[in-house]
Amino acid sequence: MLAIFNKELKTYFYSASGYVFMGVFLFICGIFFASYNLLPGSPDYSSVLSSIIFIFLILVPIITMKLIAEEKHQKTDQLLLTSPLSVSEIVIGKYLAAVALFFITLAVTILYPIILSQFGTIPVGQIVTTYIGFALMGASLIAIGIFASSLTENQVIAAVISFGMLLVVWLLDFIKQNLPSGATSGIVFSAILVISIAILIYFATRNIIVSSITGVIGAIIIIILAIKKIALFEGFLPNFFGWFSLVNRFQNFGMGILDVSSIVYYITFNIAFVYLTIQMIEKRRWS
């Protein structure tokens, strides 16, 4: 895994993608730092990081689009899959290389609050928690990007898929606000979820019995809850989408709150998408 990590990290600096990522990130961060802190003389540096979240939509596809897709396009993935390394080690090595590039770039921006501290008192605790949340959210979005890269062998298509997935994540809060919150919509959505899970299980296992049993059990649970505690379904649809909002969970960090539940969520989210990437490659390996 360390060999893959070193190779991918060096590749970023042997090509333009790493420099483009760092350059654009630091340029935009510098503009917001000047606008929010230097010109008005404000010590609130956390607002800078909170305001530049949108750059992930553009920059994450740049550093993740070729991680898996390029290997498929050049057919070098066959060499990797027949190497002594496991698929998990390959994927995790590539993922950590992209995260390391992001962390290196983010570390440079620490100079900004240090500059502010020379002119007065800054809220150190709030800035630290904001950096923690920003780093965790960035790593989660990179996990989405590497998963998108595993879906195709075309880098451009991988970038488009990654951008689309990140855009959905970005708009989840807006989507949540426009969803119906009644019990009926909650029941219907629950049924759709159960059907979707059953279908996913079938495609993953090709076992119609297991997927059917999952669907039947899910349907029975929904019916029982609808009869006994229908109030549970009220607001379920918007709350479900709100629970998956990475951006919304970052808000607490921006206010100086070290939200342990959000930390666990971000870590779990990373693991889930890295695992999905591994499964996509495993599926190709044995197909």
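We number each residue from 1, following the sequence as shown.
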Report the C-alpha separation of Asp259 and Ser261 in whole Å, then their side-chain angles, then the decisive distance to 0.1 Å, and conclude whether the side chain to side chain donor-acceptor pair (under 3.5 Å) test is met.
-> CA-CA 6 Å; Asp259 191 343; Ser261 63; 2.6 Å; yes
ILVMFWY cluster membership beyond Ile223 - transitive side-chain contacts under 4.5 angstrom | Ile227
Quick one: pull up CD1 in Ile146 and CG in Leu151 and give me the separation to the nearest 0.5 Å.
-> 11.5 Å
Please check if the side chain of Ser42 supplies one atom and the backbone of Asn37 the other of a donor-acceptor pair under 3.5 Å.
-> no
Tell me, yes or no, whether the heavy-atom count around Ile209 atom CD1, taken from other residues, nucleotides or ligands under 6.0 Å, exceeds 12.
-> no
Contacts of Phe250 that satisfy ring-ring contact (aromatic ring centres under 6.0 Å, His included) - sequence neighbours left out = none
Please identify each residue that fulfils side-chain contact (heavy atoms from CB on, under 4.5 Å) with Gln251, with sequence neighbours left out.
-> Val247, Asn248
Residues in side-chain contact (heavy atoms from CB on, under 4.5 Å) contact with Ile224, at least two apart in sequence or another chain | Ile220, Lys228
Report the C-alpha separation of Tyr275 and Phe147 in whole Å, then their side-chain angles, then the decisive distance to 0.1 Å, and conclude whether the ring pair (Phe, Tyr, Trp, His ring centres under 6.0 Å) test is met.
-> CA-CA 9 Å; Tyr275 175 77; Phe147 172 71; over 10 Å; no
Pairs of donor and acceptor atoms involving the side chains of residues 16-23, under 3.5 Å and at least two apart or interchain, shall be tabulated with distances.
| unit_1 | atom_1 | unit_2 | atom_2 | d |
| --- | --- | --- | --- | --- |
| Ser17 | OG | Ser15 | OG | 3.2 |
| Tyr19 | OH | Phe13 | O | 3.1 |

Considering only distance and modelled atom types, tabulate donor-acceptor pairs under 3.5 Å from the side chains of residues 191-200, sequence neighbours left out.
| unit_1 | atom_1 | unit_2 | atom_2 | d |
| --- | --- | --- | --- | --- |
| Ser196 | OG | Ile192 | O | 2.8 |

Of all residues at least two apart in sequence or in a different chain, which pass the side-chain contact (heavy atoms from CB on, under 4.5 Å) check with Ser47?
-> Tyr36, Asp44
Does anything in residues 137-148 pair up under side-chain hydrogen bond (donor to acceptor under 3.5 Å, both in side chains), and if so which pairs, sequence neighbours excluded?
-> Ser140-Asn270
Quick one: side chains of residues 96-105, donor-acceptor pairs under 3.5 Å with protein atoms, not counting sequence neighbours, listed by atom name and distance.
| unit_1 | atom_1 | unit_2 | atom_2 | d |
| --- | --- | --- | --- | --- |
| Thr105 | OG1 | Leu101 | O | 2.8 |

With sequence neighbours excluded, tell me which residues meet side-chain contact (heavy atoms from CB on, under 4.5 Å) with Ile271.
-> Ile267
Report the hydrophobic cluster partners of Met255, with the cluster defined as I, L, V, M, F, W, Y residues connected by side-chain heavy atoms closer than 4.5 angstrom, directly or transitively.
-> Ile257
Is there any side-chain hydrogen bond (donor to acceptor under 3.5 Å, both in side chains) pair reaching into residues 108-130, and which pairs are they, with sequence neighbours excluded?
-> Ser46-Thr130, Thr109-Tyr131
Would you say Ile55 and Val24 are hydrophobically clustered, going by side-chain heavy atoms of ILVMFWY under 4.5 Å?
-> yes
Would a distance-only check, ignoring hydrogens and angles, find a side-chain to backbone donor-acceptor pair under 3.5 Å from Tyr95 to Ala139?
-> yes
